[in-house]
Amino acid sequence: MSETAERVKKIVVEHLGVEAEKVTEDASFIDDLGADSLDIVELVMAFEEEFGVEIPDDAAEKITTVKDAITYIDEHKG
Amino acid sequence: MGGGSFVTYLNGENAMRRVVVTGLGLVTPLGAEVETAWKNLIAGKSGAGPITHFDASNQKCQIACEVKPADHEYGFDPNKRVDHKVQRQVDPFIVYGIDAAGQALEDAGLTDMTEEQRLRAGVSIGSGIGGLPGIEIESVNLHERGPGRVSPHFVHGRLINLISGQVSIKYGLMGPNHSVVTACSTGAHSIGDAARMIRDDDADVMLAGGAESTVNPLGVAGFAQARALNMSMNDRPTEASRPYDKDRDGFVMGEGAGVVVLEEYEHAKARGAKIYAEVVGYGLSGDAYHVTAPHPEGKGAENAMRMALRKAGMEPSDIDYINAHGTSTMADTIELAAAKRVFGDDLSGASMSSTKSAIGHLLGGAGAVESIFCILALRDQIVPPTLNLDNPDEGTEGVDLVPHVAKKRPVRAVLNNSFGFGGTNASLVMKAI
């Protein structure tokens, strides 16, 4: 697992209160991890904070799985 | 309620709907469940201490009655009944409220209601101030880091009616969803209003109560600046809340929640529920005088007590215990003078104590927590003490204020007083069934 993936998963576990094993790369925040749309806004804010990236609203809307988040961050972090 | 006229309202089919208490839940500075808090209260313990929730070294008031952490002998474990995610999103007053509501439902044996029952079960849990800690934190956040860093859960994690909202979602309660905001009268008004909802056939079951948690820098500073808090006994926290004592000098802030299950009497009887008490009288009034000071003659307090007795159809001599508002401020003797006008100079033999001497002032939670103490006094035939009453003030002669130690005595009926900023007053009368 990449370092980005590890940090992303840690944030997801902490924010959504789900078991770490459930946070696979294919997991959908809403369908598999019990998040609602506001939880995703909060997660995106946490990713921005953790990785020092800016995730605009239109990009955030496309982040629906753990893998989407990891890919976006890897492509945009400095 | 056919017809809807006033006469029908009084004499119609619902006139006989009686309201009883079938479940209790408490989160207090003396314990995070009912029996522990009651045992500690009766033992004469104090929940006061130096503030630990934040660094209070620059505050004029540095003491409070805080809810203790989970690892404390009688601490509160939020993980018992509140989801991790919810805990992260909401202010502590909501967490306390959800837990106390859960305790009350479990105590009443109503955690597994059918959909039909849940359509007739509602929630009325309020707060005096609401999510002040979260408002403080997010205002600083907004100022220092900008609007894009404000939590998306900011609003619904601070709103007062979100205890009622969260509880209804967690337990599927689809009856009335309501929330009272009347400062320090909130808890008593919540119970009184919810009892009326049952009497008026809006519901068969109501979770009712209040919660508060404002032991944060802005909350403590705000009440200190209003000259409401004790600021002279930072070195003696357990002595600072001393209702009716000559040296009283302001209240000690408490935090926590109290929630009761109210239930229509026949509904409770039919399912063989344990019945603690019947809510028989509810009085409400306004001082129409000042934003923080009570009317100097206690007119509003008197009117609320008289109305509650009248609604109960009871004489002053029927009441054996009065749980006073008694905040440990100058207002204590005003309330006592009002009580003497209603009950007579010796309160017709009733005992009157202020449990704020032990748990502090829970603000919006006070009326509900203290109503639960009244109910337990009825159950156990013992009245809790007024701590620190070393030198009773003038005007207290001939009245049993239950100084220092709890007292065994017959308790047939109880009255609870709660008064709030804005001049809002509520009195509840309950009796054994």
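Chain letters run A, B, ... following the sequence lines, proteins first, then strands; residues in each count from 1.
- Within a 6.0 Å radius of CG in B:N79, other residues, nucleotides and ligands contribute more than 12 heavy atoms.
- Panel note: side chain B:R88, backbone A:L16; no donor-acceptor pair is recorded below 3.5 Å.
- At a 4.5 Å heavy-atom cutoff, B:V86 makes no contact with chain A through either its backbone or its side chain.
- In this structure, A:G17 and B:H84 approach most closely via the heavy-atom pair CA-CD2, 3.2 Å.
- Note that the CZ atom of B:R149 and the CD atom of A:E49 stand 4.5 Å from one another [nearest 0.5 Å].
- Summarising the local packing, NZ of B:K80 is surrounded by 12 or fewer heavy atoms from other residues, nucleotides or ligands at distances under 6.0 Å.
- Counting non-hydrogen atoms of neighbouring residues, nucleotides and ligands closer than 6.0 angstrom, the CG atom of A:D58 exceeds 12 such neighbours.
- B:H153 places a side-chain heavy atom less than 4.5 Å from the side chain of A:D39.
- Taking 4.5 Å as the limit, every side-chain heavy atom of A:E14 sits out of range of all side-chain heavy atoms of B:K85.
- The shortest non-hydrogen separation linking A:M45 to B:P152 is SD-CD, 3.7 Å.
- Using a 4.5 Å cut-off between heavy atoms, B:Q89 contacts chain A through its side chain alone, with no backbone atom that close.
- Summarising the local packing, NZ of B:K170 is surrounded by more than 12 heavy atoms from other residues, nucleotides or ligands at distances under 6.0 Å.
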